[in-house]
Amino acid sequence: MTNRDIAAVFDQVADLLEFQNANPFRVRAYRNGARKLKDLADPLSRLVADDADLTAIDGIGKDLAEKIATLVQTGSLPMLTELEQQVPASVLPMMRVPGLGPKKAAALYNDLKITSLDMLRAACEEGRVRELKGFGKKTEETILAGIALAERATDRIYWSAADEIVQELLAHLRPVKAIKQLEAAGSYRRGKETVGDIDLLADATDVDAVMDRLGEFPAVAEVIARGDTKMSVRLDSQLQVDLRVVPSESFGAALQYFTGSKEHNVEVRGRAKQQGLRVNEWGVFRTTDDGEQGERVAGATEDEVYAALGLPTFPPELREARGEFDLAEEGELPRLVEVGDLRGDLHMHTTATDGKATLREMIDAARDRGHEYIAITDHSKRVSMAGGLDADRLRAQWAEIDALRPDYDDIVVLKGIECDILESGEMDLPDEVLAEADWVIASLHYGQKQPREKIMQRLLFAVEHPSVSIIAHPTGRLINRRESYDLDVDQLIAAARQHGKLLELNANPARLDLDDSHCALAKRAGVPIVVSSDAHHTGGLDVLPYGVKQARRAGLTAADVANTLPWKQLKPLLATPASQLPG
DNA sequence: GCCGTTTTCGGCCCGACTGTTTTCAGTCG
């Protein structure tokens with residue numbers, strides 16, 4: 001079992017325990033444990049085989065350590081089997097209905113024997129739900145409307161799509177004169193690859209003016225809730241937007257609170273408590289001797305709030321309780337990479353294969369964007385649907401690049417190729433051709449269903465190939481659409497380190513591959529990351545900021561990202577094992 | 001279930017909003 005498999009078991013246990021109304025802190029322990037395992041660098045299977053002390057892992061105690069060992073050794077967990085006998089897993093979707101938590105879902109299961117969304121709908125339509133204690137007519141209506149939402153299980157949207165909506169919302173709200181400050185918070189601000197809902201925060205005294213204006217946003221389908229400071233609406237697209245309106249003296253505290261993550265805030269507030277302080281969305285307050293909220297010590301800005309707790313202002317991308325507090329204590333909070341640090345783009349296509357712009361158009365567009373260098377990397381012949389290049393056509397394209405070079409003294413155009421790693425494990429072009437290239441991307445488009453052993457054989461062959469520079473979109477996942485192929489990312493990173501190869505962070509918003517936790521592992525191993533656009537038209541060059549967001553979430557600095565270097569300094573990195581790099 | 005320069009037991013972040021209650025539980029973030 002992989003670390004993620006084991007984490008999934010713990011998450012399932014947490015879901016079932018929650019349904020059974022178990023101690024919420026016990027539920028949290030399982031969820032927290034699952035989270036920590038997903039970010040763990042070392043495979044648990046190896047740690048167990050080595051008889052390592054698993055309780056050294058933060059969030060893993062004696063009990064979870066034993067369960068991990070059981071899972072590694074037997075592939076199953078008796079406790080989960082037992083829980084599933086007590087509660088059918090089919091009841092869990094009920095908790096996805098907005099307004100239904102563990103208590104109400106359990107009442108529906110225990111009193112009405114409801115075990116599916118279909119049965120729940122029938123019970124609502126027959127008016128049986130309103131008869132239950134704690135339920136009423138209104139609740140029944142809310143559930144009925146919510147079932148459709150739960151069934152649709154609307155995907156979290158790409159960060160890039162959320163950004164479009166956020167910009168529209170901000171533009172819509174800004175004309176309100178009462179608004180002094182306005183920010184989008186939540187997972188959007190943390191730069192998460194997908195966003196589940198949009199959180200907006202306004203500094204204003206005229207609350208009604210702001211809320212009325214949000215209600216007038218054209219895409220609003222429904223107002224879910226509206227109180228003195230908080231309003232929630234649902235858009236036509238099903239996306240929920242939460243608005244919070246606070247006074248200036250609380251804006252920083254509210255922004256900190258509303259940005260999250262939840263786990264980060266739990267840590268922040270726990271630390272505050274130890275210092276005799278209380279943090280809420282209204283500010284940082286001293287706690288009086290009788291435990292009441294006392295004098296306010298901070299709140300207007302985030303800097304002020306964190307400073308009051310003796311903490312630096314964490315970049316939003318790092319606020320995930322994934323080790324940022326330890327880094328801060330050691331004074332090693334990184335200065336994260338920025339879009340402006342990138343000097344070149346090393347993955348793009350042209351009309352020679354499946355791109356929509358010509359060679360010259362791509363070069364012009366890249367130059368307009370200030371790139372110092374680019375690599376032209378069309379597909380190799382195996383990608384027949386894209387009209388992939390054979391050796392002759394590739395050499396013809398390189399001759400074309402040579403012919404164009406005199407026209408461009410301010411941008412370096414590299415002769416590259418995105419060469420497929422064939423199902424057989426061979427490269428799709430002859431070695432002598434690859435040896436002539438400035439930049440060789442290896443990637444895997446076919447045979448993605450092969451077993452792990454075969455996939456790894458292919459990837460490792462490419463990593464060891466003397467002409468290969470980098471592995472592109474190394475896991476092959478497409479967010480919300482396709483799982484990654486079956487690979488061992490740790491092994492790939494180790495091989496890249498050994499052979500001096502780079503790994504791509506593909507900035508396409510549907511890929512973002514490697515993801516943040518994998519990039520963090522690569523950083524720890526000293527393997528440089530290259531953030532690339534994989535552009536198939538000139539506008540496609542503009543996705544780099546999405547990749548940089550993901551890189552920042554991984555804690556990468558400019559030094560960890562190879563294409564922040566001038567080409568002359570990047571080139572020597574190739575085929576230099578990371579262990580031999582300076583620094 | 002985890003954790004500990006106050007603790008091996010007793011804590012574990014904190015507040016807004018709704019609906020169903022006649023003072024609060026459940027849900028949500």
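Numbers restart at 1 for each chain; the letters A, B, ... are given by sequence-line order, proteins then strands.
- Positionally, the nearest nucleotide of DNA chain B for A:Asn265 lies more toward the 5' end than for the other of A:Ile224 and A:Asn265.
- A:Glu141 is linked by a salt bridge (Lys or Arg N to Asp or Glu O under 4.0 Å) to A:Lys137, counting only residues two or more places apart in sequence or in another chain.
- Comparing B:dT8 with B:dC14, their C1' atoms are spaced 28 Å from each other, to the whole Å.
- A 3.5 Å limit on both hydrogen-bonding distances identifies B:dC2 as the Watson-Crick or G-U partner of B:dG11.
- Using a 4.0 Å heavy-atom distance criterion, A:Asp63 is classed as a sugar-phosphate-only contact.
- Salt-bridge check for A:Glu329 with A:Arg271: passed, with a basic side-chain N closer than 4.0 Å to an acidic carboxylate O.
- Residue contacts shown for A:Lys36 are absent, as no nucleic acid heavy atom lies under 4.0 Å away.
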Contacts under 3.5 Å, N or O only, protein and nucleotides 5-7 of chain B:
none

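- Rounded to the nearest Å, the gap between the P atom of B:dG4 and that of B:dC13 is 14 Å.
- Non-hydrogen atoms lying under 4.0 Å from DNA chain B are contributed by nothing in residues 311-325 of chain A.
- Among all heavy-atom pairs drawn from A:Leu327 and A:Pro334, the shortest one is CD1-CD, 4.1 Å.
- When only modelled atom types and interatomic distance are considered, A:Asp197 and A:Gln240 share no side-chain donor-acceptor pair under 3.5 Å.
- Every residue meeting the side chain to side chain donor-acceptor pair (under 3.5 Å) condition with A:Gln20, not counting sequence neighbours, appears here in chain and number order: A:Gln86.
- When the P atom is compared between B:dC17 and B:dG11, the two are found 30 Å apart, to the nearest whole Å.
- Closest non-hydrogen pair, A:Arg156 versus A:Asn480, comes out as O-ND2, 2.8 Å.
- Taking atom C1' in both B:dT18 and B:dT23, the straight-line distance is 15 Å, to the nearest Å.
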Report each atom pair, protein N/O against N/O of nucleotides 14-16 of chain B, whose distance is under 3.5 angstrom.
{"from": "B:dC14", "atom 1": "OP2", "to": "A:Lys273", "atom 2": "NZ", "distance (Å)": "3.3"}
{"from": "B:dC14", "atom 1": "O4'", "to": "A:Arg269", "atom 2": "NH1", "distance (Å)": "2.9"}
{"from": "B:dG15", "atom 1": "OP1", "to": "A:Arg278", "atom 2": "NH1", "distance (Å)": "3.4"}
{"from": "B:dG15", "atom 1": "OP1", "to": "A:Asn280", "atom 2": "ND2", "distance (Å)": "3.2"}
{"from": "B:dA16", "atom 1": "OP1", "to": "A:Trp282", "atom 2": "NE1", "distance (Å)": "3.2"}
{"from": "B:dA16", "atom 1": "O3'", "to": "A:Thr229", "atom 2": "OG1", "distance (Å)": "3.4"}

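- When each of A:Gly59 and A:Ala225 is assigned the nucleotide of DNA chain B bearing its nearest heavy atom, the one mapping closer to the 5' terminus is A:Gly59.
- Distance noted for atom C1' between B:dG15 and B:dG10: 24 Å (whole Å).
- Distance from the side chain of A:Asp242 is smallest for B:dG29 among the nucleotides B:dG19, B:dG29, B:dG1.
- Non-hydrogen atoms lying under 4.0 Å from DNA chain B are contributed by A:Asn23, A:Phe25, A:Arg26, all within residues 9-27 of chain A.
- One N or O on the side chain of A:His172 and one on the backbone of A:Arg213 form a donor-acceptor pair closer than 3.5 Å.
- Set against B:dC17, B:dG29, B:dC3, the side chain of A:Asp58 has B:dC3 as its closest nucleotide.
- Comparing B:dT20 with B:dA25, their C1' atoms are spaced 9 Å from each other, to the whole Å.
- Taking the ring centre of A:Phe135 as origin, the terminal cationic atom of A:Lys104 falls inside the region bounded by 6.0 Å and 45° from the ring axis.
- At least one donor-acceptor pair under 3.5 Å links the side chain of A:Arg296 to the backbone N or O of A:Glu249.
- Side-chain atoms of A:Arg4 and A:Ser517 include a donor-acceptor pair closer than 3.5 Å.
- Using atom P as the reference point in both B:dT22 and B:dA16, the two lie 24 Å apart (nearest Å).
- Side chains of A:Asp560 and A:Thr557: a donor-acceptor N/O pair is present below 3.5 angstrom, by distance only.
- Contact check, A:Lys67 against B:dG1: a side-chain N or O comes under 4.0 Å of OP1 or OP2.
- OP1 and OP2 of B:dT18 both lie 4.0 Å or more from every side-chain N or O belonging to A:Thr139.
- Of all nucleotides listed (B:dC17, B:dG26, B:dG1), B:dG26 comes nearest to the side chain of A:Lys104.
- Distance noted for atom C1' between B:dG1 and B:dT5: 24 Å (whole Å).
- If you check B:dT27, B:dC12, B:dG1 against the side chain of A:Tyr30, the one that comes closest is B:dG1.
- Residues A:Arg189 and A:Glu302 are paired through a salt bridge, judged by an N-O separation under 4.0 Å between the basic side chain and the carboxylate.
- Among the heavy atoms of the strands lying under 4.0 Å from A:Lys262 is at least one base atom, whether or not backbone atoms are also near.
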